[in-house]
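Have a look at the structure below, then the notes.
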Amino acid sequence: SSILHIAAVVVSGTSVVVYMYTWCLSSSIHISAVVVSMFSTIICGFLFLLVVKRLPEHVQVDDPAVVKRLAKKLERQQIPLRSDYGYKVSLFSHLHQYSRKAPLTQQLSIPSTVIHPSIVRLGLQYSQGIVAGSNARSVALLHAFKQVIRDYTTPPNEELSRDLVNKLKPYISFLNQCRPLSASMGNAIKYIKKEISNIPSQCKEEEAKTKLLTCIDRYIEEKIVLAAKAISKYAIEKISDGDVILVYGCSSLVNNILCEAFEKSRKFRVIVVDSRPRLEGREALRRLVQRGISCTYVLISALSYILPEVSKVFLGAHALLANGYVMSRVGTSQIALVARTFNVPVLVCCETYKFCEKVQTDSFVSNELDDPDDLMVTRKGKTQLENWQDVSSLGLLNLVYDVTPPDFVDLVITDLGMIPCTSVPVVLRVKNLDQ
Amino acid sequence: MELQAVLMAAGGGSRMMDLTYNTPKPLLPVGNKPLIWYPLNLLERVGFEEVIVITTKEVQKMISTDPKVKLDVKMKLDLVCIQEDADMGTADALRHIQQKVKTDVLVVSCDLITDAALHEVVDLFRAHNATLSMLMSKAHEFTETVPGQKGKKKTGEQRDFVGVDDTGKRLLFMANEADLDEGVVIRKSIMRKHPRMHIKTGLVDAHLYCLKKSVVDFLADNKSISSIRGELVPYLVRKQFSKSTNSPKVIDETHQNLKKNDSNVNLEIQISSRDEELLHLTQERSCWNDHRGDMSDAYHGGRLRCYVHIMDEGICYRVNTLAAYIEANRLAPKLFDEPAVHPSAVVSERCLIGADSIIGASCQISDKTSIKRSTIGVSTTVREKVKVTNSIIMHGVTIEEGCNIQGSVICSNAVIGRGADIKYCLVGSAQRIEPDGEHTTASPHLAITHSPTPLYSN
C-alpha cells in the first residue's frame, strides 16, 4: 500500500499540474480546457479513494463482496470459514456473531496438519473462554508462537526471515476466526513479525530460533510482568488508608494492584461491581477475598446506590485508542459516567503495549459480538428464552466491549507514569520513534 | 504431529466364541464389511493419514492374502503383530509399541461402530490440556432376539458406575460393580471439590481414549498395569485427586532426585511441560474458572485431568457380544452409503428383496426367494423358494431350495440342506444342516457349532 501512496501522490501531482496548465490556456481554448480539468479532477478523486485506507474486513460483514474476498483468502490458506449464527440486531449487523456450540475444529482434520497443534489448542481455548482477558490472551499467544518457532524448520531455498512470517499468517487468520484478535495481541504480533524480519540472512537456524525465543521471553517480561510491577508502584501511591475502591469485572492488572497494596499494609476495602452474562466479578471477588481483602459485591444495576460510599474507581482497559478513548469491557463507560456524576475520581490502569492507533468515538463501529445464547438463563428448570430464534422480532445482543470518552477518565496509570487520557497519542508517537 | 492413532485389533472376542472360534473378531463381517473397517473408516473420515494397528499374526495373514477381506482405506496401516497366546492386555500392547509413539495417542478398539463426532472428544483433550479424554454413549436396549440364548438378556451383569461433575464433562469417578464390595465409596476430598456429582450407570464405554504421551511413558515404567479400561483409566481418575499431584510446582532438583530414588517414576512429574511458567502466568491472568463457590483456582490446582464426552444420540456400539453383533448388522448400513445390492450380485427378477437388506458381491439369488431385513454375505448362493427374514448370512454359504430361515445367524461356508426350517438359531462355520431339518424355538435355542457330525432334527 505504500507503493499505492507514492503512485497516487505522483499522479495526482501531475494532474494538478495539467489542471493549472489548462487553466492558463483556458482563456484561449475554452471548451477543451474545461474537459481536461474535469478529467484531471476525476483522476484525482479516484486516486484519493485508492489512497484512503480500506476498512478492516471484520467490520464489514454485511457487505457480500468483502465476505467473499475473506472466504477466498481463507480458502487459499486452507482454513475453514466459521459461519455466523442467529439473528443479528440491525445496528450491529456489520459484525460477526458466532456460536460456541459450533467450534471451528469441527471442520478441521483431527491430527491437524495445516495448523500447528498448539495454535489449534489456543484457538479452542479462546473460543470457549478458557483464556480470557487481554493479558492472558497475549501471553498464551506468545507461548503458542514459541512452540511454533521451536518446531519450525526452514525449507530449502527459503529464508527464515521471510518464510516464518508467511507461516504465521494462516495461524493468525485461524485465531481471528476463533475469536477476533485483541489490540494487545495485534501489537504482540507486530512485534514478533518485526523481530523475525530483522533476522540477518547469514544467521544459522538454531541461532535464529534461540534469538527469537529470548526476544519473546523478554517482551513478556518487560511489557507485561515488569509493567504490572511498575503500575502497581504508581497506583499504590494513589491508594490511601480508609479508601473505598470500586472495581468492575475481573481485570488482572487491577487485581494485581489491589493485592500488592494490601501486602504493603494499606487499609482499604473494595466494592466489586459485576454484570451479566459473563459475571467475571465473581472471579475477581474470589481472588481478592482469598488474599484477605474485605469486599462487597453488587451488580451494575446497584451502581448509583453504592457510589456515594466510594472514594475511587479503578478500571482496567482492553485497549487505549489514539484519541484518548478507553476501550474496555461493556459497562465500563456506564461506571465512568455515573462516577463522574458523583464526582468520584476514575483511574484507568493500562500497560503501554495495549495502546493502539485506532480511533473510535462510539461502541458501534468496531466491537465484538459474543454468543447470544449466553444471555439465556435457566431458573427453576425453565429457560424462558429457549426458542428465541423462533420469534422473528426478537434479537439477542451480547456485546463485549465499549468505549469511554476521555472526559470521564481522570488519570491513566501506565508503566511510563501517570498520564492524562489525552497524552496517549504522544506515547504512541514516542513509541514509534523508538522503533 | 498432534495425535497418533492406535487401533487395538488383537482381542479374542471371548464373549462370542460361537462366532469367533473360526474367524478372528476383527474380520467378522458386519454389513458385509470386516469389523475392523468401521473404526478405520471413522479415523479416515476424521482426517488421520496413518494408523498403527496392533493385531495377531493370523489377522495380518488374512488381511494380506484373503481376497474376501478387502480393507479399502487410503490410510497407511502400520501392522504390529503380537503373539496370540501371550495374553497381552491393551496396556501391555501399548507398552509394546512405546518406541513408535512420538506424540499423544488416540486408542481405538477394533469393535467400535460409531458415527460420533470425534472432535468433541479431542477438543476436550486439547482445550483443557487433559491427560485422558474418552467417549461414552447412552446404552440402547437391544430389541432383537438373540439366537442360541434362552430368554432375554441376562440381568445382573456387572454395571459400571461413572461419576461426572455438573457440566457433564469432567470425569470424577469410575468403578465397576465387581470391584466394589459393599457400595460406592467416594472420597471426601472429591466431594469437597465437586459437591455435585452425577453418577450414571447404563453407559456404554466406547473404548476410545485420547492419552497424553507421558501416560505411555508411564506405562513403560509401570509394568503392573495390563488393561487400559480395567486398570489404567480408574487409576488415572483416582490420581486426579491424590495429594501428591496437587502439590506445588515440582522444581528441577527434586525431579532429578526422585528419578534416582524411585524406580516407580511418578506420573505427575512427567506431565509437566516446558514453558510451565508461561502457562502458569496465563492461567493466573485469565479470568476463567471451571467451577465456582469455593476459594480454589481453576481445576482446583490439579494438573491431571480426565474428561469424558457422553453421546446422547447417534450410533455407538461395541461389537463384543452376539446381541451387539446382530444389532450392529441392522444399523451398519446407515453408516455408509453404498447400494444395498452389490452390482456384481446375480439377482433373479422374481425375488423379493426388502429395502433394508444387503446383498454382498458375487451372490446368486434365485427365483421366488424373499429376503427381508437380512444381510447376505459375499459369494453366497441362495436357491429357489427360500425365505430369509431377520437373519445374518455370512460369506460362502449355500442355502438349498425351500428353506425358511428366521432370526438366525449362519456363519461362513455353512450349507443349509433343502427344506430346512431354522428359527432363532446360530449355525457355526462350515456346518451342514440336514435337509428337512426343523430347528425352532420349541426346542431350546440351539447354537449349532463345531460338531463334526451332521446334526439331527428335533
Rounded at 0.5 Å granularity, tell me how far [atom1] in [X] sits from [atom2] in [Y].
X      : Y      : atom1 : atom2 : value
A:Q125 : B:H128 : CD    : NE2   : 8.5 Å
B:L281 : A:N135 : CG    : CG    : 8.0 Å
A:L122 : B:T282 : CG    : OG1   : 9.0 Å
A:H143 : B:H280 : NE2   : NE2   : 13.5 Å
A:T113 : B:E2   : OG1   : CD    : 9.5 Å
B:H119 : A:L108 : NE2   : CG    : 10.5 Å

query = With respect to chain A, which residue among B:A5, B:A298, B:A117, B:S296 yields the maximal number of heavy-atom pairs within a distance under 4.5 Å?
reply = B:S296
task = Quick one: which of B:D297, B:L3, B:V122, B:D290 has the most heavy-atom pairs under 4.5 Å with chain A, could you say?
result = B:D297
Which atom names give the shortest non-hydrogen contact between [X] and [Y], and what distance separates them?
X      : Y      : answer
B:N129 : A:R121 : OD1-NH1, 3.3 Å
A:S109 : B:G47  : CB-CA, 3.9 Å
A:R287 : B:E284 : NH1-O, 2.5 Å

message = Given heavy-atom pairs under 4.5 angstrom as the criterion, report whether the side chain, backbone, both or neither of B:T103 touches chain A.
response =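 Looking at B:T103, nothing touches chain A.
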inquiry  = Under 4.5 Å from any heavy atom of chain A, what part of B:Q283 do you find: side chain, backbone, both or neither?
reply    =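 For B:Q283, the contact with chain A is made by the backbone alone.
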Which bit of [X] is near chain B, if near means a heavy-atom gap under 4.5 Å: side chain, backbone, both or neither?
X      : value
A:I220 : side chain
A:Q106 : both
A:A284 : neither
A:R282 : side chain
A:N255 : neither
A:R278 : neither

key: Leading residue by heavy atom contact count with chain B [cutoff under 4.5 Å; candidates A:G133, A:P111, A:S112]   =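 Top option by heavy-atom pairs under 4.5 Å: A:P111.
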query = Does some side-chain heavy atom of A:K146 sit less than 4.5 Å from a side-chain heavy atom of B:L278?
reply = yes
query = Within a strict 4.5 Å, meaning less than it, do heavy atoms of the B:S286 and A:I130 side chains meet?
reply =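 No - every pair of side-chain heavy atoms lies 4.5 Å or more apart.
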Polar side-chain atom of [X] near backbone of [Y] as donor-acceptor pair, under 3.5 Å:
X      : Y      : result
B:R285 : A:S252 : no
A:E283 : B:C287 : no
A:Q290 : B:M295 : yes

message = Taking CZ in A:R100 as the centre, count heavy atoms belonging to other residues, nucleotides or ligands within less than 6.0 Å. Is the count above 12?
response = yes
query = Which is it for B:W288 and A:V131 under the side-chain contact (heavy atoms from CB on, under 4.5 Å) test, yes or no, and what are the steps along the way?
reply = CA-CA 7 Å; B:W288 177 85; A:V131 173; over 6 Å; no
